[in-house]
> 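Handing you this structure, nothing more for now.
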Number of protein chains: 2
Amino acid sequence: MKTIKDVAKLADVSVGTVSRYLNGYKIKEENRKKIEEAIESLQFTSNPMARGLRTNKTFTVGVLIPRISDIFCTQVIEGIEEVLNPLNYGIVICSANDSLQGQTEKLAYLKNKCVDGIILMPVTSAELDVTGIVDSGIPVVLIDRLVKDCELDAVVCDNVNGAYSAVEMIINKGHQKIGIIAGPQEIYTAQERLTGYLRALEDYNIEINEAYIVHAQYNKTGGIDAFRQLMSLPDRPTAIFSTNYPTTVNSMKVMMEQGLRMGEDISLCGYDQTELFQMFNPPVSVVVQPSREIGINAAEILLKRINGDYSRFPQIQRLKTQLIVTDSVKTLF
Amino acid sequence: MKTIKDVAKLADVSVGTVSRYLNGYKIKEENRKKIEEAIESLQFTSNPMARGLRTNKTFTVGVLIPRISDIFCTQVIEGIEEVLNPLNYGIVICSANDSLQGQTEKLAYLKNKCVDGIILMPVTSAELDVTGIVDSGIPVVLIDRLVKDCELDAVVCDNVNGAYSAVEMIINKGHQKIGIIAGPQEIYTAQERLTGYLRALEDYNIEINEAYIVHAQYNKTGGIDAFRQLMSLPDRPTAIFSTNYPTTVNSMKVMMEQGLRMGEDISLCGYDQTELFQMFNPPVSVVVQPSREIGINAAEILLKRINGDYSRFPQIQRLKTQLIVTDSVKTLF
DNA sequence: TATTAAAATTGAAACGTTTCAATTTTTGGG
DNA sequence: CCCAAAAATTGAAACGTTTCAATTTTAATA
């Protein structure tokens, strides 16, 4: 590997000048030319480790998500990439594997790796210790979920109104008995979506039936159990609002197994992942999150912090969701 | 940030000894204790850049895939993570954004970043220049696709037999007129799957009808157009084998639009992504690829190369696919 | 106890940059 | 053409490790 010294020698200038050139400072035209020629002929590329050692910058950001194969997460990552790659930042991906312990470990790992910043989608809203990281000057931006007692920049969706609009739509189609598959109580987005549900019912003067509110793990079995539970109610709901992707998909699975026709025997509105849900017959009504934008905005805030701009801290962005309305929710009049 | 010098001073030994300790060499029990105490009380963690500068190792591998939001890719990444993370390797993700140019750029980027190795899923099988990378000693392992005239370690699926088993199953259910949505001719996996199709027809003495073979881009519009084309044939096929995920999903979309019932009016067998396809009614027959295993095996080979073991180069692994048979392919007797 | 071999430690050089005080070159006004 | 000011360049120190030849300590043997 060629070094800056080789370039300096060949171009007949000092290493300092080469360094100045590389970092975009003004140098004499004549020298610029010589250096560029030397770099070209030596195929020189600067060594990021040596540079990092001096500058304490790795040009790397860590992205820590609950699970890599989650489509929502990868769409967010695409957004992050879109912003960071043109600036030559690398993205180190870490998965917490849906566990708080995993998250803690990976955070420590990223800190030790000297990333310039971290974008974090927390596994739980209940608990997060980033003091060690924040103290050492590494900025952290939260996505999708806020965490209790944690003052950090964040980009989340307006889950309350996302859920509200879905439930409102269901009500407007004539439903009164609306079940909700709500997520775990310690997850921020789940809380918000439940709030939206409750608020909509309240605004439309529909009495709240506790039996229609089922808390489920945001995963496969959670969805299956919750849907079954709602279906086995003596006075069962006519419509169900399922508040994330796995619970929605698995509700449909049960629906199919029980021979229930979506939009006929039972109405369903889901969350996330529009493209896929539109393949079904009828397509599934869903609340769509702007996942890519979340990534873009988070990356932009992070960059700002990395560059030392701590204005308006903590900056919390709430992005609007979009509602896709289909015949999966039956019109009752 | 504390350095090895601080530790040395506090533990009253030399920096060399601390370094030896950190790298797992034997040191006197007494010193070990003092060093461990010092590290603990100073909260010392070693600086990866300084280390990297000396050792020329970043403990980072690059993963370059066509597109991040592709589920197949992310499952592969999960496998890679499973192997690499326990060894403290970081994973830098790059997306080629489905373009050869993007791939070339990202390869250069990864080389410049001094990654210890690269796992690459090529965007095309036609062309790949990694000489610069290989020459500089960075091992590269290909996944999913081989590239013409490219001697590299690789982990791929046995696409020929994967496709063969699917077509064989379709034949065994009594179909004779079997269409295939084949991928672009320059993609390795597409070629192989077409080979499997042809071989199965041959083995069962079914004449090959060129009109039943449609080459399509492996994306949304490709799938839509191809399916339409097959459906508009005067003597249209009774079953269609769609050879990747997007073409399968979009064939279903057209099917739905045209009011065709899968497994009744037209039979379909797809590729990839079982979980989702099992949600439909009927579930979709598919060839399933062991995506996670691909990642695991690729990471293991890469590690071997990183550690200087170049035995059995180039090592090409072919993993077996699995066939899921459902009523989406009608039994004709 | 003396001697030697083996084991452990030491301290400085090296890795390839950036940075900065000191120096040289260039520029422009008189 | 000279001089001062401005601009550009220089060269060495510093970043925090690893590595290795030289040295010291320990263990083993007679």
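For the numbers below, each heavy atom of this structure counts, side chains included, while hydrogens, waters and symmetry mates do not. So you know, we letter chains A, B, ... as the sequences are listed, proteins then strands, and number each from 1.
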> Heavy atoms under 4.0 Å, any strand shown: does B/Asn23 hit a base, just sugar-phosphate, or nothing?
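Counting heavy atoms under 4.0 Å across all strands, the contact made by B/Asn23 is with sugar-phosphate only.
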> Touch check for B/Thr55, heavy atoms < 4.0 angstrom, all strands: base, sugar-phosphate only, or nothing?
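Sugar-phosphate, no base atom in range.
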> Heavy atoms under 4.0 Å, any strand shown: does A/Thr3 hit a base, just sugar-phosphate, or nothing?
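A/Thr3: backbone/sugar contact only, no base atoms under 4.0 Å.
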> Report yes if at least one side-chain N or O of B/Lys28 is closer than 4.0 Å to OP1 or OP2 of D/dT26; otherwise report no.
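For D/dT26, OP1 or OP2 has a side-chain N or O of B/Lys28 closer than 4.0 Å.
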> I'd like to know if the side chain of A/Asp153 reaches the main chain of A/Val141, judged simply by a donor and an acceptor atom lying under 3.5 Å from each other, with no hydrogens or angles considered.
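Not a single qualifying donor-acceptor pair exists.
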> At 4.0 Å (heavy atoms only), tell me whether B/Phe44 reaches a base, stays on the sugar-phosphate, or touches nothing.
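The answer is sugar-phosphate, as B/Phe44 gets under 4.0 Å only of primed atoms, P, OP1 or OP2.
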> Need one value for A/Leu53: base, sugar-phosphate or nothing, where a base atom within 4.0 Å counts as base even if backbone is also close, heavy atoms only.
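Base contact.
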> Heavy atoms of chain A, cut-off under 4.0 Å: which first and last nucleotide of DNA chain C, 5' to 3', fall inside that, if you could look?
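Contacts span C/dG16 to C/dT26, reading 5' to 3'.
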> Among B/Val115, B/Ile138, B/Leu110, whose side-chain contact (heavy atoms from CB on, under 4.5 Å) with B/Ile133 holds?
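Output: one option passes, namely B/Ile138.
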> Has B/Asn47 got a side-chain atom pairing as donor or acceptor with B/Met49's backbone, closer than 3.5 angstrom?
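Looks like yes, one N/O pair under 3.5 Å.
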> On DNA chain C, compare the nucleotides closest to A/Ser46 and B/Lys26; which residue's is nearer the 5' end?
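Comparing both residues, the 5'-ward one is B/Lys26.
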> Compute the angle between the rotation axes at the two ends of the helix from C/dT1-D/dA30 to C/dG30-D/dC1, each taken over five pairs, rounded to 10 degrees.
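If I round to tens, the end axes sit 30° apart.
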> Do B/Ser95 and B/Asn97 have side-chain atoms, one donor and one acceptor, less than 3.5 Å apart?
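Yes.
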> Whether B/Lys57 engages the ring of B/Phe59 as a cation-pi pair (distance to the six-membered ring centre under 6.0 angstrom, angle to the ring normal within 45°) should be assessed.
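B/Lys57 over B/Phe59 ring: yes.
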> Flag this pair as yes if the NZ/CZ of A/Arg305 is under 6.0 angstrom from the six-membered ring centre of A/Tyr310 and inside a 45 degree cone about the axis; otherwise no.
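Verdict for A/Tyr310: a cation-pi partner in A/Arg305.
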> Does one side chain, of A/Glu81 or A/Asn85, offer a donor that lies under 3.5 Å from an acceptor on the other?
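Side chains of A/Glu81 and A/Asn85: pair found under 3.5 Å.
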> Sub-3.5 Å donor-acceptor pair from the side chain of B/Arg318 to the main-chain atoms of B/Val155, do we have one?
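No; judged by distance alone, with no hydrogens or angles, the pair does not exist.
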> Heavy atoms under 4.0 Å, any strand shown: does A/Thr17 hit a base, just sugar-phosphate, or nothing?
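Touches a base.
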> Just distance, no hydrogens or angles: give the donor-acceptor pairs under 3.5 Å from side chains in residues 120-130 of chain B, sequence neighbours left out.
| unit_1 | atom_1 | unit_2 | atom_2 | d |
| --- | --- | --- | --- | --- |
| B/Thr124 | OG1 | B/Ala126 | N | 2.9 |
| B/Ser125 | OG | B/Leu146 | O | 3.3 |
| B/Ser125 | OG | B/Tyr188 | N | 2.4 |
| B/Asp129 | OD1 | B/Thr131 | N | 3.1 |
| B/Asp129 | OD1 | B/Thr131 | OG1 | 2.6 |

